[in-house]
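Labels below follow one simple rule: chain letters A, B, ... track the order of the sequence lines, proteins then strands, and each chain is numbered from 1.
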Amino acid sequence: MRWSQTFIPTLKETPADAEIVSHQLLLRAGLVRKLTGGLYTFLPMGLRVLTKVANIIRQEMDRAGAIEVAMPLLQPVDIWQASGRYEAMRDALYKVKDRAQKEWALCPTAEEVITTLAANELSSYKQFPKNFYQVGTKFRDEIRPRFGLMRAKEFVMKDAYSFDTSDEGAMASYRKMYDAYTRIFARCGLRSFAVEADTGIIGGNHSHEFMIPAETGENDVVYCEACNYAANIEKATSGLPKTAARELGAPVEKFATPGVVTIEALSKEPYKVPANRQIKTLVYIADSKPVLILIRGDDQLNEAKFMAKSGAVEARPADVKNAADLALAFTALGALPGSLGAVHQVPSDWKVYADERLRGANDMTTGANEDGFHLRNVSLERDIRVTEWCDLRTVTAGEPCPKCAQTLKIRRAIEVGHVFKLGTKYSEKLNATFLDEKGQRAPVVMGCYGIGVTRTLQAIIEQGHDKDGILWPVSVAPYQICLTPLVVAPDSAPMKLAEQLYAELTSAGLEVILDDRDDRPGVKFKDSELVGFPLRIGLGEKSIAKGEVEFKPRGGELQPVKIEDAVATIIAWVKAEQAKLAI
RNA sequence: CGGGACGUGGCUCAGCCUGGUAGAGCGCUUGGUUUGGGACCAAGAUGUCGCAGGUUCAAAUCCUGUCGUCCCGACCA
């Protein structure tokens with residue numbers, strides 16, 4: 001390709017509406033342009049990278065035994081209602097109406113569609129296992145699109161769905177995808193790691209996310225360097241001991257705490273109740289019903305854990321400024337936040353979730369459900385009707401690893417892939433069953449596996465850049481080689497040699513862009529570094545006169561190479577770079 | 001949805017506080033000089049100052065509303 005014939009609108013200055021470096025470089029290198037918030041046009045260089053990432057994914061999916069299909073982007077809403085996710089997805093699901101006012105959904109993911117296919121087409125155990133995948137556009141009505149392609153309204157995703165006849169089979173399918181993902185990200189030049197993950201609205205009971213470490217990521221990952229334990233903060237646990245039990249027997253005692261409405265205030269003079277001897281009482285509205293959540297005063301609630309444990313589709317803190325909440329929750333309890341507790345006056349139909357760390361604790365202090373009063377000598381077991389004990393707290397850095405007791409750390413990361421073992425959630429609801437060897441009907445056991453292709457592209461930039469621009473791994477670079485003649489007159493020595501090298505390298509199967517623009521060298525060098533071609537070959541009259549070309553790996557040192565050795569040297573370099581990314 | 005910031009030429013921004021009819025750099029066009037790290041000189045083109053109201057003799061500037069963008073939070077496979 002000739003630079004002058006394609007379209008690479010580079011920007012010298014950083015666009016004002018791009019905050020993180022990968023987003024800035026996407027725009028500056030001319031890979032994409034924004035149409036509006038969360039919607040981007042892929043320009044030639046961006047599209048080439050996207051296609052390459054997608055093809056690496058295809059190769060590894062195929063290698064793992066998955067088979068490619070293409071499902072409709074427009075989906076009937078009745079299958080979403082059947083799976084129960086029409087409500088669960090809520091506003092994240094784009095809905096459109098046809099001329100008959102019938103409602104349709106724009107594909108955010110395709111469990112319903114593929115399960116419908118399986119229900120219709122897979123009926124005998126002999127047809128299993130199967131793993132269908134597709135690479136295509138997905139739509140989600142994100143509350144807040146951000147960071148360019150990282151969280152967009154429309155994005156490219158690879159989604160795969162496995163169908164097995166047994167739990168063991170499903171685990172094997174899961175493992176194959178897990179291994180394929182590891183290879184995919186390695187081939188994209190990414191340093192990735194897998195973490196235990198919450199399953200959220202997708203459902204299922206076993207899940208890993210593939211993460212790219214990056215300060216700009218939207219996920220907090222808890223990890224242990226000693227034993228390789230790693231989990232999303234939404235899922236992570238730690239080996240902290242339970243709250244120490246003290247002497248039993250003292251009766252609950254009410255005491256006045258005028259104006260004290262925070263854990264911190266109660267921990268100070270004159271009360272001096274340490275936060276770790278307080279019970280934090282939170283009121284949530286979960287699927288329109290109030291519930292109490294109890295955690296220790298020095299802990300933070302992990303809402304994802306609560307959502308998972310309670311099975312609620314929607315949950316939020318009760319809001320004193322909301323009249324309905326006020327009546328439903330706070331009036332019923334008899335107090336406002338700051339004086340809440342679970343000892344007295346909790347309506348008998350309310351669920352009370354308590355964090356495991358409080359189990360067995362006594363000598364605790366909590367709100368009295370009377371404004372301006374607290375209770376001391378509270379025993380969780382004796383004085384509070386806990387309906388469910390569960391892990392609800394958020395892990396913090398420095399706590400002991402749940403597996404090996406060494407110190408846990410926390411870092412930010414970008415989620416690029418997610419694998420789920422789904423079980424029979426969808427197959428049961430959408431009636432995907434099969435007959436086994438004995439003629440018994442059973443629901444298919446499913447898994448689903450996603451990779452954010454556009455997000456992965458941006459993650460590659462986020463992980464691979466320097467002050468001059470992008471550092472593409474050779475496997476995904478828009479072109480592997482940029483030929484840069486410093487004089488472009490057709491009969492000049494640099495241009496003639498460039499044409500010759502272009503022909504030879506292209507016929508050798510390499511991807512080459514020839515910068516034939518009549519621009520000053522500085523402009524061409526800067527642009528090639530900004531766009532990030534892995535290897536630049538500089539062709540100037542001076543070096544050609546010495547029988548040399550300039551060999552400049554992106555991010556490396558320039559070295560002269562004899563003209564007669566140039567093609568072989570370049571091919572060898574590209575092969576070596578490819579070998580580094582092979583798995 | 002809550003909090004914050006910002007909307008001025010294709011891009012980055014100044015001008016707004018203190019109202020007087022719009023600027024710079026980059027980019028673009030033409031001509032010339034240049035030619036190894038985002039050149040220089042000259043001449044040009046490009047703006048209903050996001051939109052709608054209001055105040056005023058007069059609004060980019062002040063007020064109200066609205067739309068959009070970005071950031072934080074909430075939310076989010």
- Task: Could you measure between the two C1' atoms, the one in rG44(B) and the one in rC49(B), and give it in whole Å?
- Result: 23 Å
- Note on the structure: Among rC76(B), rG37(B), rC11(B), the one nearest any side-chain atom of Glu13(A) is rC11(B)
- Query: Between rA74(B) atom P and Leu282(A) atom CG, what is the distance in whole Å?
  - Reply: 14 Å
- Check ion pair Asp325(A)-Arg316(A) (N to O, under 4.0 angstrom): yes
- Query: So which nucleotide from rU12(B), rG36(B), rG73(B) ends up closest to the side chain of Lys542(A)?
  - Reply: rG36(B)
- Tyr161(A) (side chain) donor-acceptor with Ala110(A) (main chain) under 3.5 angstrom: yes
- No-H, no-angle donor-acceptor pair, Asp519(A) side chain to rG38(B) base, under 3.5 Å: no
- Note on the structure: Mate of rG27(B) across any strand shown (Watson-Crick or G-U wobble, both atom pairs under 3.5 Å) is none
- Query: Expressed as a whole number of Å, how far does the C1' atom of rC63(B) sit from that of rG3(B)?
  - Reply: 23 Å
- Query: Rounding to the closest angstrom, what is the interatomic distance between rG38(B) and rG2(B) at atom P?
  - Reply: 49 Å
- Per atom distances to the Val523(A) side chain, the nearest of rG38(B), rC75(B), rU12(B) is rG38(B)
- Query: Distance between the C1' atoms of rG15(B) and rG47(B), in whole angstroms?
  - Reply: 14 Å
- Considering only atom P, compute the distance from rU61(B) to rA22(B) and round it to an integer number of Å. 14 Å
- Message: Let's test your reading of the model: under 3.5 Å, does the base of rG36(B) pair with the side chain of Glu550(A) as donor and acceptor?
- Response: yes
- Value in whole Å for how far the P atom of rU8(B) lies from CG of Asp17(A): 11 Å
- Taking OP1 and OP2 of rU35(B), is either one under 4.0 Å from a side-chain nitrogen or oxygen of Arg520(A)? no
- Would you state whether a donor and an acceptor, one from the side chain of Arg151(A) and one from the base of rC76(B), lie under 3.5 Å apart? yes
- N or O in side chain of Arg146(A) less than 4.0 angstrom from rC72(B) OP1/OP2: yes
- Item | Whole angstrom value for the distance that separates C1' of rU69(B) from CD of Glu142(A) | 17 Å
- Query: What nucleotide among rU34(B), rC75(B), rG38(B) has an atom nearest to a side-chain atom of Asp527(A)?
  - Reply: rG38(B)
- Take Glu19(A) and Lys12(A), find for each the nucleotide of RNA chain B with the closest heavy atom, and name the residue whose nucleotide sits nearer the 5' end. Lys12(A)
- Report the distance from atom CG of Leu11(A) to atom C1' of rG25(B), rounded to the nearest whole Å. 15 Å
- Message: Is there a side-chain hydrogen bond (donor to acceptor under 3.5 Å, both in side chains) between Ser22(A) and Glu462(A)? Walk through the geometry before answering.
- Response: CA-CA 5 Å; Ser22(A) 55; Glu462(A) 191 67 26; 2.5 Å; yes
- Distance below 4.0 Å between Lys34(A) side-chain N/O and rU69(B) OP1 or OP2: no
- Item | Residue matched to rC40(B) through Watson-Crick or wobble contacts both under 3.5 angstrom | rG32(B)
- Take atom CG of Leu530(A) and atom P of rG37(B), then tell me their distance rounded to the nearest Å. 18 Å
- In whole angstrom, give the distance that lies between atom NE2 of His23(A) and atom P of rU69(B). 12 Å
- Item | Residue-phosphate contact under 4.0 Å: Arg144(A) side-chain N/O, rC72(B) OP1/OP2 | yes
- Just checking, Lys95(A) and Tyr86(A): is the charged tip under 6.0 Å from the six-membered ring centre and within 45° of the axis? yes
- What about Arg517(A), does its side chain sit under 3.5 Å from the base of rG38(B) through a donor-acceptor pair? no
- Pick the C1' atom in rG9(B) and in rG19(B), then give their distance to the nearest Å. 24 Å
- Task: Could you measure between the two C1' atoms, the one in rG53(B) and the one in rC17(B), and give it in whole Å?
- Result: 24 Å
- Query: Is the cationic atom of Arg33(A) (NZ for Lys, CZ for Arg) positioned less than 6.0 Å from the six-membered ring centroid of Tyr40(A) and within 45 degrees of its normal?
  - Reply: no
- Item | Nearest listed nucleotide, side chain of Thr36(A), among rG25(B), rG68(B), rC71(B) | rG68(B)
- Query: Of the nucleotides rG38(B), rG36(B), rC1(B), which has the atom closest to the Ile143(A) side chain?
  - Reply: rC1(B)
- Message: If I take atom NZ in residue Lys526(A) and atom C1' in nucleotide rA39(B), what distance separates them, rounded to the nearest angstrom?
- Response: 14 Å
- How far does the P atom of rA52(B) sit from the matching atom of rG68(B), given to the nearest Å? 16 Å
- Measure the acute angle between the ring planes of His208(A) and Tyr174(A), then classify it against the limits of 30° and 60° as parallel, tilted or perpendicular. tilted
- Message: Pick the closest RNA chain B nucleotide for Lys153(A) and for Asp159(A) by heavy atoms, then say which residue is nearer the 5' end.
- Response: Lys153(A)
- Protein-nucleotide distance (Asp91(A), atom CG; rC1(B), atom P), rounded to Å: 11 Å
- For the ring pair His418(A) and Phe420(A), is the centre-to-centre distance below 6.0 Å? yes
- Side-chain donor/acceptor of Glu529(A) to base of rG37(B), under 3.5 Å: yes
- Query: Does NZ belonging to Lys153(A) count more than 12 external heavy atoms closer than 6.0 Å?
  - Reply: yes
